[in-house]
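Structure first, commentary second.
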Amino acid sequence: MASATPLLKDELDIVIPTIRNLDFLEMWRPFFEPYHLIIVQDGDPSKIIKVPEGFDYELYNRNDINRILGPKANCISFKDSACRCFGYMVSKKKYIYTIDDDCFVATDPSGHKINALKQHIENLLCPSTPYFFNTLYEPFREGADFVRGYPFSLREGVPTAVSHGLWLNIPDYDAPTQLVKPLERNTRYVDAILTIPKGTLFPMCGMNLAFDRDLIGAAMYFGLMGDGQPIGRYDDMWAGWCCKVYSCLLFSQFYTIN
């Protein structure tokens, strides 16, 4: 029997910022190979980036960015992972999934590999419930529903604009916390999906993230960081705050944290 067509195969691009060979794709091959990759090479454009065979991809370096954008090329960060924004710009797909090149496939407690991309897609295709918290967390999940007392008028939910992934092993700490806790690792596997409530901001991390371009658009712009900029490592958080405020004001769209 033929295998099922992957979800959103022709409607989603995977954007990867990188400074190194993309050997990490081998472990993601079962999940990523059906999709188109947009690779944005940061740093020295003369360096050759090797991509494992079998992937459908396009690769851009700084020379390409300068050629395509001309005098506007300075809107794309240099020597910073915010260069991924160029991938968002050149994509023509409705959905984007972005992942860093040092993210590896996790396993659940039973040892099964977790298809993070599939979970993100399911989140984006499922409504969110930002106006009233459900004590069984995700009410649209199999085996769950809205609990007694949840308003019927809000049970339809609203479209999900952003799916924010979490991670195991190295926590995404700021520099002072990393210095205080250099050996700390996150080993707690959490199998839950939460909607961030209306009016609540959060620190978005861009290394495992999916979003609907039609709903978010230019708000998913990672602020200028890296070479020549006075502030670093706030690019993704800035985009998260902008997306949250923008979506609240215009669309009432909210994020699902996976």
Side-chain angles (χ1 to χ4, degrees), residues 3 6-69 73 76-107 112-121 124 163-172 204-211 213 220-222 225-227 232-233 235-236 239 258:
S3 58
L7 289 170
L8 303 181
K9 177 183 180 296
D10 299 319
E11 300 177 68
L12 180 142
D13 280 332
I14 300 176
V15 173
I16 306 171
T18 190
I19 57 173
R20 56 178 67 89
N21 292 334
L22 296 181
D23 299 326
F24 91 113
L25 284 173
E26 287 295 352
M27 67 176 64
W28 290 99
R29 184 181 291 277
F31 311 135
F32 289 2
E33 195 168 29
Y35 297 89
H36 179 68
L37 312 182
I38 300 177
I39 302 165
V40 184
Q41 177 181 344
D42 193 22
D44 183 1
S46 66
K47 181 178 179 180
I48 303 299
I49 298 293
K50 296 181 180 179
V51 182
E53 293 185 3
F55 288 95
D56 172 39
Y57 71 93
E58 51 189 306
L59 189 153
Y60 299 92
N61 60 33
R62 194 69 202 185
N63 292 338
D64 298 315
I65 295 173
N66 292 338
R67 172 178 52 81
I68 294 171
L69 295 183
I76 303 297
S77 293
F78 184 55
K79 294 186 178 179
D80 184 81
S81 65
C83 67
R84 76 182 80 220
C85 287
F86 184 77
Y88 304 164
M89 186 194 73
V90 299
S91 172
K92 301 298 187 292
K93 305 290 180 59
K94 176 177 172 60
Y95 300 99
I96 295 288
Y97 174 54
T98 186
I99 185 171
D100 283 4
D101 60 11
D102 57 356
C103 290
F104 304 145
V105 178
T107 57
H112 293 103
K113 292 183 178 180
I114 300 171
N115 185 349
L117 174 56
K118 181 174 181 288
Q119 291 186 0
H120 278 297
I121 291 173
L124 292 174
S163 176
H164 188 285
L166 301 181
W167 54 91
L168 297 171
N169 198 27
I170 300 177
D172 189 28
M204 190 177 81
C205 176
M207 68 180 177
N208 177 18
L209 181 76
F211 61 93
R213 292 176 74 238
M220 188 57 81
Y221 172 68
F222 284 37
M225 300 286 159
D227 191 55
R233 300 202 68 197
D235 49 306
D236 46 3
N258 180 23

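Side-chain contact check for Leu37 versus Leu22: every heavy-atom pair is 4.5 Å or farther apart. Looking at Phe32 and Ile99, their side chains come closer than 4.5 Å, going by heavy atoms from C-beta outward. The side-chain heavy atoms of Asp236 and Met207, taken from C-beta on, include no pair separated by under 4.5 Å. Taking the side chain as every heavy atom from C-beta outward, Leu117 and Ile14 approach each other to under 4.5 Å. Counting heavy atoms from C-beta on, the side chains of Ile121 and Tyr95 never come closer than 4.5 Å.
In this structure, the side chain of Asp13 does not engage the main chain of Ile96 through any donor-acceptor pair within 3.5 Å. For the pair Thr98 (side chain) and Leu209 (backbone), a donor-acceptor distance under 3.5 Å is absent. Between the side chain of Arg213 and the backbone N or O of Ser91 there is at least one donor-acceptor pair closer than 3.5 Å. A donor-acceptor pair under 3.5 Å is formed between the side chain of Asp64 and the backbone N or O of Asn61. Without hydrogens or angle criteria, Gln41 side chain to Lys47 main chain gives a donor-acceptor distance under 3.5 Å. Put simply, the side chain of Asp42 gets close to the backbone of Asp80: a donor and an acceptor are under 3.5 Å apart.
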Given the rule in the side-chain contact (heavy atoms from CB on, under 4.5 Å) test, do Val40 and Ile76 qualify, once you have shown the distances and angles that lead to the verdict? CA-CA 11 Å; Val40 184; Ile76 303 297; 5.8 Å; no
Starting from the C-alpha separation in whole Å, work towards a yes-or-no answer on side-chain contact (heavy atoms from CB on, under 4.5 Å) for Ile68 and Phe86. CA-CA 10 Å; Ile68 294 171; Phe86 184 77; 3.7 Å; yes
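Taken from CG in Asp44 to CD1 in Ile19, the straight-line distance is 11.0 Å, to the nearest 0.5 Å. In this structure, CG in Asn115 is found 9.0 Å from CG in Leu7, a value given to the nearest 0.5 Å. Annotation: the span from Leu124 atom CG to Leu8 atom CG amounts to 8.0 Å, rounded to 0.5 Å.
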Can you give me every donor-acceptor pair (side chain of residues 51-59, partner residue at least two apart or in another chain, under 3.5 Å) with its distance?
| residue | atom | partner | partner atom | Å |
| --- | --- | --- | --- | --- |
| Asp56 | OD2 | His36 | ND1 | 2.9 |
| Glu58 | OE1 | Tyr60 | OH | 2.3 |
| Glu58 | OE2 | His36 | NE2 | 2.6 |

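With a 6.0 Å radius and a threshold of 12 heavy atoms from other residues, nucleotides or ligands, Lys79 has its NZ atom at or below the threshold.
In summary, the aromatic rings of Tyr97 and Tyr35 are positioned with their centroids too far apart to meet the 6.0 Å limit.
Smallest separation of non-hydrogen atoms from Thr18 and Ile39: CG2-CG2, 3.7 Å. In terms of heavy atoms, Lys93 sits closest to Asp10 at CD-O, 3.5 Å. Nearest heavy-atom pair across Arg62 and Ala73 is NH2-O, 2.9 Å. Residue Cys83 comes nearest to Ser77 through the heavy atom pair CB-O, 3.6 Å, listed as atom of the first residue, atom of the second, then distance. The nearest pair of heavy atoms linking Ala116 to Asn208 is CB-OD1, 4.5 Å. Contact record, Ser163 with His120: OG-ND1, 2.7 Å, taken as the closest heavy-atom pair.
Relative orientation of the Phe31 and Trp28 rings is perpendicular, given thresholds of 30° and 60° on the angle between their planes.
A salt bridge links Asp172 with Arg233: the closest approach of a Lys/Arg side-chain nitrogen to an acidic carboxylate oxygen falls below 4.0 angstrom. Between Asp100 and Arg84 there is a salt bridge, since at least one side-chain N of the basic residue sits less than 4.0 Å from a carboxylate O of the acidic one.
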